[in-house]
Amino acid sequence: MSARGQGRWLGRKFFARPVLKVAPELIGKYLVHSTAAGAASGRIVEVEAYDGPEDQASHARFGPTPRAKIMFGPAGIAYVYLIYGMYDCFNVVTGREGEASAVLVRAVASVSLPTGPTGSAGRTDGPGKLCRALGITRAHNGVDLTLGVPLGIEDRGEPAPKLSATPRIGVDYAGEWAARPWRFIETPARDAASAPSAPRRRKS
DNA sequence: CCAAGGATTGGC
DNA sequence: CCAATCCTTGGA
């Protein structure tokens, strides 16, 4: 459907802005993975921003290493890496070329799979499960998301959701950077059960 | 070359 | 609370 590409897929201009502006705007957009079998998609509901080599939580903190150099490149490119030897995590590069910033997509909802009913009834829990659910792997590292295939991010014209910002997950080692509220989630309708769960981080 | 640790998840 | 599991990085 490249013929109807006008504004359907988020383009270079959207991604080529400061990551702290792009990240919250990705909430409510749709991550779509198209294959021969059909399209797998999910509504983005949780993201994290990683901004520059000085961000001690970012993979770019060691400079443009073989793995992280893609973060220094042009915006709109997928950065998919393997974590803990078993899970793939999906990111999109943002900002100007030469800067090192990216958005980690941590969760999607309303998952739709080509094989039929999702069964998931909705939401993935984390970046690893998200990639597994949508079939995203390291093979997608470096693909241009603005083309829409095989991977793209779609604006379906939904109104901007209400957002909350919290510190990022699993970056305790990052010192003062760990405290920055650079994780964005759609504000839960009710927080009765979910709010108290956050503090539990390993290592007391 | 080698040792250490990780943008996580699921099991005990 | 902690093991799984392997790639990336930094240091010797």
Side-chain angles (χ1 to χ4, degrees), chain A residues 15 18-27 29 31 42 44-73 75-95 99-109 111 118-143 145 151 153 163-186 194 196-204:
Chain A
F15 296 112
V19 66
L20 290 177
K21 190 149 174 60
V22 175
E25 290 184 23
L26 282 175
I27 304 293
K29 303 300 191 292
L31 177 58
I44 297 171
V45 295
E46 176 180 351
V47 300
E48 286 179 358
Y50 290 84
D51 192 15
E54 42 176 30
D55 177 0
Q56 291 304 297
S58 172
H59 286 172
R61 67 188 181 281
F62 299 123
T65 61
R67 179 178 68 166
K69 68 182 179 188
I70 192 168
M71 293 181 68
F72 290 78
I77 303 298
Y79 169 40
V80 186
Y81 65 89
L82 182 66
I83 187 74
Y84 298 128
M86 34 179 116
Y87 296 105
D88 292 299
C89 293
F90 171 83
N91 308 246
V92 53
V93 177
T94 62
E99 295 175 339
S101 59
V103 178
L104 169 66
V105 179
R106 290 188 57 90
V108 293
V111 174
T118 155
S120 63
R123 205 192 135 94
T124 62
D125 278 315
K129 291 173 72 174
L130 177 162
C131 286
R132 197 175 56 186
L134 297 183
I136 297 171
T137 72
R138 272 175 302 154
H140 296 104
N141 190 43
V143 307
L145 298 173
L151 227 42
I153 300 180
L163 301 183
S164 297
T166 79
R168 293 168 293 182
I169 302 300
V171 296
D172 296 348
Y173 60 85
E176 59 174 304
W177 295 88
R180 307 242 172 163
W182 288 357
R183 170 175 175 252
F184 302 96
I185 58 178
E186 188 166 15
S194 52
S197 59
R200 196 189 296 96
R201 291 260 78 71
R202 61 159 162 262
K203 181 176 297 189
S204 61

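Here the structure is a predicted model, which means the values were calculated and not measured. Naming: A, B, ... by sequence-line order, numbering from 1 per chain. Keep in mind that the numbers below use all heavy atoms, side chains included, and drop hydrogens, waters and symmetry copies.
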Visitor: Is it true that a side-chain atom of A/S164 and a backbone atom of A/I185 form a donor plus acceptor pair closer than 3.5 Å?
Guide: no
Visitor: Set out, line by line, the N/O atom pairs under 3.5 Å between protein and nucleotides 10-12 of chain C.
Guide:
none

Visitor: Apply side chain to side chain contact (heavy atoms under 4.5 Å, CB included) to A/P181 and list each qualifying residue two or more places apart in sequence or on a separate chain.
Guide: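 Listed in chain order: A/A165.
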Visitor: Provide, to the nearest angstrom, the distance between the NE2 atom belonging to A/H59 and the P atom belonging to B/dG5.
Guide: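 In whole Å, B/dG5 P and A/H59 NE2 are 16 Å from each other.
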Visitor: Could you check A/V103, A/L130, A/V105 and say which one makes a side chain to side chain contact (heavy atoms under 4.5 Å, CB included) with A/I44?
Guide: A/V105
Visitor: Does some side-chain heavy atom of A/T124 sit less than 4.5 Å from a side-chain heavy atom of A/L134?
Guide: no
Visitor: Just the dot-bracket of DNA chain B, please: which string comes out with Watson-Crick or G-U pairs under 3.5 Å, [ ] for crossing, | for another strand?
Guide: ||||||.||||.
Visitor: According to side chain to side chain contact (heavy atoms under 4.5 Å, CB included), who are the partners of A/P24, at least two apart in sequence or on a separate chain?
Guide: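 A/P24 satisfies side chain to side chain contact (heavy atoms under 4.5 Å, CB included) with A/L163, A/F184 only.
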Visitor: What integer distance in Å separates A/Q56:CD from C/dT9:P?
Guide: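 Result: 14 Å.
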Visitor: Check the interface with nucleotides 5-7 of chain C: list each N/O to N/O pair with the protein under 3.5 Å, or write none.
Guide:
| unit_1 | atom_1 | unit_2 | atom_2 | d |
| --- | --- | --- | --- | --- |
| C/dT5 | O2 | A/Y84 | O | 2.4 |

Visitor: Just jot down the salt bridge (Lys or Arg N to Asp or Glu O under 4.0 Å) partners of A/K21, sequence neighbours excluded, or say none.
Guide: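 By the salt bridge (Lys or Arg N to Asp or Glu O under 4.0 Å) rule, A/K21 matches A/E25.
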Visitor: When the distance from CD of A/E48 to P of B/dT8 is rounded to whole Å, what number comes out?
Guide: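 Value for this atom pair: 7 Å.
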Visitor: Using the P atom on both, measure B/dC2 against C/dT5 and round to a whole Å.
Guide: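 The same atom, P, in both gives a distance of 23 Å.
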Visitor: Can you sort out the partners of A/R106 under salt bridge (Lys or Arg N to Asp or Glu O under 4.0 Å), two or more places apart, ordered by chain and number?
Guide: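 Expected list: A/E46, A/E48.
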Visitor: Using the salt bridge (Lys or Arg N to Asp or Glu O under 4.0 Å) criterion, which residues pair with A/K129? Sequence neighbours excluded.
Guide: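 Here the qualifying residues are A/D125.
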Visitor: Calculate the interatomic distance between A/F90 atom CZ and B/dT9 atom P; express it in whole Å.
Guide: 16 Å
Visitor: Nucleotides 10-12 of chain B: which of its N/O atoms have a protein N/O under 3.5 Å away?
Guide:
| unit_1 | atom_1 | unit_2 | atom_2 | d |
| --- | --- | --- | --- | --- |
| B/dG10 | OP1 | A/R132 | NH2 | 3.2 |

Visitor: Report the C-alpha separation of A/V143 and A/N141 in whole Å, then their side-chain angles, then the decisive distance to 0.1 Å, and conclude whether the side-chain contact (heavy atoms from CB on, under 4.5 Å) test is met.
Guide: CA-CA 6 Å; A/V143 307; A/N141 190 43; over 6 Å; no
Visitor: Round to a whole Å and report the spacing from CZ of A/R168 to P of B/dT8.
Guide: 11 Å
Visitor: Scan residues 55-70 of chain A for pairs that pass salt bridge (charged side-chain N to carboxylate O under 4.0 Å, His left out), counting only residues two or more places apart or in two chains.
Guide: A/D55-A/R168
Visitor: Can you tell me if A/Y81 is stacked onto the base of B/dA7, using a 5.5 Å centroid cut-off and an angle below 30°?
Guide: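 The base of B/dA7 is not stacked with A/Y81 (the test needs centres under 5.5 Å and planes under 30°).
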Visitor: Which residues satisfy the side chain to side chain contact (heavy atoms under 4.5 Å, CB included) test with A/D88, sequence neighbours excluded?
Guide: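 Here the qualifying residues are A/V80, A/L82, A/C131, A/T137, A/R138.
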Visitor: Who passes side chain to side chain contact (heavy atoms under 4.5 Å, CB included) against A/S101, sequence neighbours left out?
Guide: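 Residues passing side chain to side chain contact (heavy atoms under 4.5 Å, CB included) with A/S101: A/V19, A/D51, A/T94.
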Visitor: Walk me through whether A/Y50 and A/V171 qualify under side-chain contact (heavy atoms from CB on, under 4.5 Å).
Guide: CA-CA 11 Å; A/Y50 290 84; A/V171 296; 4.0 Å; yes
